[in-house]
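Worksheet: the structure to be examined is printed underneath.
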Amino acid sequence: MSKLPQISRYSKSKKIYIHTFGCQMNEHDSEQMAGLLEFEGFSLTDEMEKADLILINSCAIRKKAEEKAFSEAGRLKELKRLNPDIRIGFCGCVAQREKEKIFKRATYIDLLFGTLNISDLPDMLKRLWHGEKKICQFLDEPVSMKNHSNHCLRLSKIKAWVTIMEGCNNFCSYCVVPYVRGRERSRSPDDIIEEVNLLAKSGYKEVTLLGQNVNSYGKGMNPPSDFPSLLHRLNEIEGLERIRFVTSHPKDLSMDLVFAIRDCKKVCDHIHLPLQSGSNAVLKKMGRCYTVEEYLYKVSVLRDCVPGISLTGDIICGFPGETDRDFEKTLDVIECVRYDGLFSFKYSDRPQTSASKMPDHIPEIVKAERLQRLQTLQNRICSEINSEMVDSELPVLIEGYSKMNPRKLTGRTRTNKVVNLEGTKEIIGRTVMVKITCSKKFNLEGEVIQT
Ligand code: SAH
Ligand code: SF4
């Protein structure tokens with residue numbers, strides 16, 4: 001609390017609005033920034049027009065995400081013209097990559113900082129309101145995991161994201177993550193257990209462990225640690241009901257992890273195992289370090305050991321040099337695996353990555369056609385899998401009101417399927433038995449049969 005008196009004359013009155021783009025990691029970073037700021041005495045607002053500072057937390061994974069962040073920043077230019085007292089900050093992966101160049105592109109931005117500078121935020125704001133103009137703060141290589149989770153401000157009171165590692169060492173040829181998030185580093189197991197223990201004590205039922213490749217968790221740690229052992233320890237935490245994790249790189253999926261999913265009661269029957277392509281030639285150029293055969297073997301082991309496990313993945317369409325035949329092979333694998341869900345993307349050229357220098361880039365129109373075909377196939381598979389679930393009875397953790405229909409409640413099965421149902425608010429945060437009554441492409445409907 002020592003910092004609080006120093007800045008209290010700015011705080012309380014200063015309102016901050018955070019606009020987040022991109023993945024769960026970014027959303028969790030925003031939760032951490034929000035928590036940190038609230039701890040320091042600032043207040044958060046969800047009304048942008050009333051904010052003293054607007055922070056844009058950008059994502060660089062695909063060009064479209066990056067453009068969205070810049071176009072949102074562009075909208076703020078007018079707001080700043082009308083109210084010159086407002087401060088605008090830009091952070092996240094795009095900021096980390098572009099650094100002070102962003103000041104040239106968007107002269108109305110006051111504050112720029114990188115993915116490794118989140119904990120400096122209260123100090124930067126203090127300087128900003130002391131009159132310092134154009135603050136720009138970037139760290140290039142992390143010394144260790146940043147540690148500010150104690151001040152996280154989470155929206156949900158039922159499920160929480162918990163970072164277990166940051167950065168990535170894999171350098172898949174299309175991916176910008178290692179350049180903007182730095183080298184891989186793992187958080188100490190005791191630290192993670194402490195955070196999850198606190199969450200469980202304050203009523204959280206579910207945690208999702210976050211890392212770019214959770215399967216390499218603990219590498220090089222002293223004393224040694226690994227992901228399956230972490231799952232076994234978390235499984236013992238009283239009050240916690242469900243443990244999920246993302247993302248699992250197929251090359252590092254071990255038998256110990258498969259056994260941990262099978263043996264740890266709280267670890268959910270779901271794995272997100274991104275395939276990226278069904279062609280060995282493309283996988284090689286992507287630098288994914290597994291073949292389709294090895295991937296399919298791991299899927300069959302998972303399904304043998306954990307019957308009913310649901311499987312989701314990511315696919316990139318139109319990677320440089322991807323032929324029609326390569327793409328057909330991807331469709332064949334999708335048909336063979338029958339994913340419960342897929343995130344599919346058109347290949348997006350990213351600065352710095354080795355794929356951007358590869359020959360034979362695929363025209364946009366071809367990428368779009370391939371994506372469309374892939375999504376049509378996956379939608380059919382999703383509809384078929386979901387319709388097979390009608391009449392089944394399953395435990396569902398009720399998370400709150402449905403965003404699509406606020407008169408209904410929404411929850412998830414252990415296999416991560418969304419179920420919407422009628423019910424009263426008393427069951428929010430509880431796991432209830434639900435009979436599935438109807439299936440849609442992306443979700444299910446059900447009725448509570450036992451609370
Ligand atoms: N660490 C995770 C993925 C993080 S990025 C993993 O290895 O699985 C999430 C997804 O975005 C990736 O799985 C990939 O499918 C997609 N993606 C990453 N870079 C991309 C690019 N340049 N173009 C299109 N999709 C990309
Ligand atoms: Fe990107 Fe590959 Fe690392 Fe995932 S494993 S973050 S796709 S480099």
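Both ligands and their constituent atoms are indexed starting at 1 by order of listing. Any value given below was found using the heavy atoms of this structure, including those in side chains, with hydrogens, waters and symmetry copies removed.
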[X] heavy atoms, cut-off 4.0 Å: which ligand 2 atoms fall inside?
| X | result |
| --- | --- |
| His249 | 5 (S) |
| Arg288 | 2 (Fe), 7 (S) |
| Cys168 | 3 (Fe), 5 (S), 6 (S), 8 (S) |
| Phe171 | 8 (S) |
| Val177 | 6 (S) |
| Pro178 | 8 (S) |

Is any side-chain heavy atom of [X] closer than 4.5 Å to a side-chain heavy atom of [Y]?
| X | Y | answer |
| --- | --- | --- |
| Arg75 | Met48 | yes |
| Leu121 | Leu111 | yes |
| Leu275 | Val333 | yes |

For Arg181, state whether at least one heavy atom is located under 4.0 Å from any atom of ligand 2.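 For ligand 2, residue contact (heavy atoms, under 4.0 Å) with Arg181 is absent.
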State, to 0.1 Å, how close [X] and [Y] come at their nearest heavy-atom pair, and which atoms those are.
| X | Y | answer |
| --- | --- | --- |
| Cys305 | Phe259 | SG-CE2, 4.3 Å |
| Cys268 | Arg414 | CB-O, 3.2 Å |
| Ala200 | Leu240 | CB-N, 4.0 Å |

Please determine, by modelled atom types, if [X] and [Y] share a side-chain donor-acceptor pair under 3.5 angstrom.
| X | Y | answer |
| --- | --- | --- |
| Ser216 | Asp252 | no |
| Asp314 | His272 | yes |
| His28 | Gln24 | no |
| Thr20 | Ser30 | yes |
| Asn280 | Glu293 | yes |
| Asp326 | Ser279 | yes |

In this structure, does ligand 1 have an atom that sits under 4.0 Å from one of the heavy atoms of [X]?
| X | answer |
| --- | --- |
| Ile316 | yes |
| Val177 | no |
| Lys346 | yes |
| Met286 | no |

For [X], is at least one N or O under 3.5 Å away from an N or O on ligand 1?
| X | result |
| --- | --- |
| Arg62 | yes |
| Gln212 | yes |
| Tyr347 | no |
| Ser348 | yes |

Please indicate whether Phe171 has more than 12 foreign heavy atoms, meaning atoms of other residues, nucleotides or ligands, lying under 6.0 Å from its CZ.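 Yes, because the 6.0 Å sphere around CZ of Phe171 holds more than 12 heavy atoms from other groups.
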Among all the protein's non-hydrogen atoms, which is closest to [atom], and how far away is it?
| atom | answer |
| --- | --- |
| atom 19 (N) of ligand 1 | Tyr174 CD1, 3.3 Å |
| atom 8 (O) of ligand 1 | Pro274 CG, 3.1 Å |
| atom 7 (S) of ligand 2 | Tyr174 OH, 3.4 Å |
| atom 1 (Fe) of ligand 2 | Cys175 SG, 2.3 Å |
| atom 5 (S) of ligand 2 | Asn170 ND2, 3.4 Å |
| atom 15 (O) of ligand 1 | Gln276 OE1, 2.7 Å |
| atom 5 (S) of ligand 1 | Ile61 CD1, 3.5 Å |

What's the spacing between Asn197 CG and Ile237 CD1 if we round to 0.5 Å?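 The CG atom of Asn197 sits 4.5 Å away from the CD1 atom of Ile237.
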Parallel, tilted or perpendicular for Tyr290 and Tyr295, by the 30°/60° rule?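 Judged by the thresholds at 30° and 60°, the geometry between Tyr290 and Tyr295 is tilted.
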Using 30° and 60° as the class limits, which term best fits the ring planes of His19 and Tyr17: parallel, tilted or perpendicular?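 Perpendicular, since the angle between the ring planes exceeds 60°.
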Which is closest to atom 12 (C) of ligand 1 in terms of heavy atoms, Leu275, Asn215, Asp314, Thr247?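 Going through Leu275, Asn215, Asp314, Thr247 one by one, Asp314 has the nearest heavy atom to atom 12 (C) of ligand 1.
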If hydrogens are left out, which of Lys251, Met286, Gln212 has an atom nearest to atom 6 (S) of ligand 2, that is, the closest non-hydrogen atom?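 Considering heavy atoms of Lys251, Met286, Gln212, the nearest to atom 6 (S) of ligand 2 sits in Gln212.
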Relative to ligand 2, is Pro274 under 4.0 angstrom through side chain, backbone, both or neither, heavy atoms considered?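 The answer is neither.
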Contact partition for Phe345 relative to ligand 1, non-hydrogen atoms under 4.0 Å: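 For Phe345, only side-chain atoms sit under 4.0 Å from ligand 1.
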Relative to ligand 1, is Arg288 under 4.0 angstrom through side chain, backbone, both or neither, heavy atoms considered?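 Only the side chain of Arg288 comes within reach of ligand 1.
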Would Lys367 and Glu322 pass as an ion pair if we require N to O under 4.0 Å?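 No salt bridge links Lys367 with Glu322.
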N/O/S of Cys172 less than 2.8 Å from atom 2 (Fe) of ligand 2?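 True for Cys172.
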Give the atoms of ligand 1, by number and element, whose distance to some non-hydrogen atom of Arg350 is under 4.0 Å.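 The list of qualifying atoms is 22 (N).
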